[in-house]
There are 2 protein chains.
Amino acid sequence: MKRCPPLGDPAALRALQDALYVVGGKWKLPIVQSICNGNHRFRDIERSIPGITTRMLSKELKELEMNGIISRTVHADIPVTVLYEPTDYSKVYGPIIMAMIEFGLVHQQKMKAR
Amino acid sequence: MKRCPPLGDPAALRALQDALYVVGGKWKLPIVQSICNGNHRFRDIERSIPGITTRMLSKELKELEMNGIISRTVHADIPVTVLYEPTDYSKVYGPIIMAMIEFGLVHQQKMKAR
DNA sequence: CGGAATCCGCGCCGATACTG
DNA sequence: CAGTATCGGCGCGGATTCCG
């Protein structure tokens, strides 16, 4: 039998599923990317992600905030402005992002070669 | 502004989404785990994953095979036996799995601490 | 500007039955 | 044993409208 990923531990599997939940879905990554790229306002983020609706953006931002990935601060100007920013915590995100990009690129090559 | 994940490149984002697709969903990881843990027959895998249906298992196995993560070999015995095994390629999977487990564990702690 | 509310279609996925 | 076929619910998410 070939070498295989270290998924023996049930706790590891749960951690994995959790990570998948936090990072998964259609819009989470594009949103994080957008914010990290300098878009901090709702409208800016919205316009930077083709196809997303306000409903989805609102919902996903809420989840990302609850998971501590981004922060939301309201400035009581008129009209109100709201700033979304990556938290320090979002850094622990880095390795997984890198690993997934790595995997994705390798996988694209692998698939193209057939 | 805080440090943030390196998601600037659109190609990187696409790779990321691809990876998410290959690894994502409710059953993919449990299935890979089961196979890596020594279950190689359809029934064995099925019984090792509480709640999964034959329909889902069949569908997911097909996708995993198409993506080169596992191999399927038919032995023309009576009755027919089919062996599912992790491929060498599934190794490139390793880092992402580790990174996600790491993230998941950290995240669990982070969430618990509130 | 920054959302919330509502409506609704489509596809994921579960349950069940059947086949080689 | 190793699946396929069919039906159906229900929830994800898109489109649109409205609000402070």
Side-chain angles (χ1 to χ4, degrees), chain A residues 13 17-18 20-67 69-87, chain B residues 13 16-18 20-67 69-86:
Chain A
L13 184 56
Q17 312 256 34
D18 282 12
L20 228 30
Y21 178 76
V22 172
V23 92
K26 191 173 174 181
W27 301 112
K28 295 260 169 52
L29 270 337
I31 291 172
V32 173
Q33 177 202 33
S34 176
I35 295 175
C36 287
N37 278 1
N39 299 111
H40 300 302
R41 308 277 299 274
F42 192 91
R43 285 285 170 198
D44 292 340
I45 301 170
E46 186 182 3
R47 271 186 283 99
S48 75
I49 304 175
I52 198 169
T53 61
T54 66
R55 174 188 163 79
M56 279 303 106
L57 181 54
S58 172
K59 184 172 147 276
E60 302 282 53
L61 282 172
K62 212 171 288 176
E63 290 183 26
L64 287 170
E65 191 197 354
M66 289 189 55
N67 283 320
I69 308 294
I70 61 173
S71 69
R72 189 188 112 116
T73 55
V74 180
H75 296 258
D77 306 344
I78 297 178
V80 185
T81 63
V82 179
L83 288 190
Y84 292 97
E85 290 171 294
T87 61
Chain B
L13 184 57
L16 195 45
Q17 310 257 33
D18 282 11
L20 227 32
Y21 177 77
V22 173
V23 94
K26 191 172 173 182
W27 301 112
K28 294 260 169 53
L29 270 338
I31 291 172
V32 173
Q33 177 202 32
S34 175
I35 295 175
C36 287
N37 278 2
N39 299 111
H40 299 303
R41 309 276 299 270
F42 192 91
R43 284 286 168 196
D44 293 339
I45 301 169
E46 186 182 4
R47 270 185 284 100
S48 75
I49 304 175
I52 199 170
T53 61
T54 65
R55 173 189 165 77
M56 278 302 105
L57 182 53
S58 172
K59 182 172 149 278
E60 302 282 51
L61 283 173
K62 213 171 288 178
E63 288 184 26
L64 287 170
E65 193 198 352
M66 288 188 57
N67 282 321
I69 307 296
I70 60 173
S71 69
R72 187 187 114 114
T73 54
V74 181
H75 295 257
D77 306 343
I78 299 180
V80 184
T81 64
V82 178
L83 288 191
Y84 291 97
E85 289 171 295

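What you see is a predicted model, and the numbers here were worked out from it, not measured in a lab. Chain letters run A, B, ... following the sequence lines, proteins first, then strands; residues in each count from 1. Both backbone and side-chain heavy atoms feed into the values below; hydrogens, waters and symmetry mates do not.
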*Want to settle it: does A:Thr54 or A:Pro79 sit nearer the 5' end of DNA chain D, counting the closest nucleotide to each?*
A:Thr54

*Taking atom types as they are modelled, is there a donor-acceptor pair under 3.5 Å from the base of D:dT6 to the side chain of B:Arg55?*
yes

_Whole-Å distance separating the NZ atom of B:Lys26 from the C1' atom of C:dC12_ = 10 Å

_Separation of D:dA2 P from B:Leu83 CG (nearest whole Å)_ = 8 Å

*May I have the distance from B:Lys28 (atom NZ) to C:dC13 (atom P), rounded to whole angstrom?*
8 Å

_Heavy-atom closest pair, residues A:Tyr21 and A:Glu63_ = OH-OE1, 3.9 Å

*asked:* Looking at C:dC12, I'd like to know if its phosphate oxygens (OP1 or OP2) sit under 4.0 Å from a side-chain N or O belonging to B:Trp27.
replied: no

*Is the closest basic N to carboxylate O distance between A:Arg43 and A:Glu46 below 4.0 Å?*
yes

*If you pin B:Lys59 and A:Lys62 to their nearest nucleotides in DNA chain C, which one's is more 5'?*
A:Lys62

*Looking for any heavy atom pair under 4.0 Å, which part of the strands does A:Ser58 touch: base, sugar-phosphate only, or nothing?*
sugar-phosphate

_Gap separating the CH2 atom of A:Trp27 from the CG atom of A:Leu64, nearest 0.5 angstrom_ = 13.5 Å

*Take atom CE of A:Met56 and atom C1' of C:dC7, then tell me their distance rounded to the nearest Å.*
14 Å

_Would the distance check show the side chain of B:Ser48 and the main-chain N or O of B:Ser34 forming a donor-acceptor pair, the cut-off being under 3.5 Å?_
no

*Could you tell me the separation between the CG atom of A:Leu57 and the P atom of C:dG2, rounded to a whole number of Å?*
10 Å

*Return the value, rounded to whole Å, for the distance between atom CD of B:Glu46 and atom P of C:dA15.*
12 Å

*asked:* Nearest heavy atom decides the nucleotide; on that basis, is B:Tyr84 or A:Gly51 closer to the 5' end of DNA chain D?
replied: B:Tyr84

*Degree of bending in the helix from C:dC1-D:dG20 to C:dG20-D:dC1 once both end axes are built from five pairs, to 10°*: 40°

*Would you indicate, yes or no, if D:dC1 has its OP1 or OP2 atom less than 4.0 angstrom from a side-chain nitrogen or oxygen of B:Arg43?*
yes

_B:Ile45, B:Val32, B:Ile31, B:Asp44 screened by side chain to side chain contact (heavy atoms under 4.5 Å, CB included) with B:Tyr84, the one that passes_ = B:Ile45

*Thinking salt bridges, do B:Glu60 and B:Lys26 make one under a 4.0 Å N-O criterion?*
no

*Ignoring backbone atoms, establish whether B:Arg41 has a side-chain N or O less than 4.0 Å from OP1 or OP2 of D:dA2.*
yes

*What is the distance, rounded to the nearest whole Å, between atom CD1 of A:Ile49 and atom P of D:dG14?*
12 Å

*A:Asp77 has an atom CG; how far is it from atom C1' of D:dG20, in whole Å?*
15 Å

*asked:* Can you give me the closest heavy-atom contact between B:Leu20 and A:Gly25, atom names plus distance?
replied: CD2-O, 4.2 Å

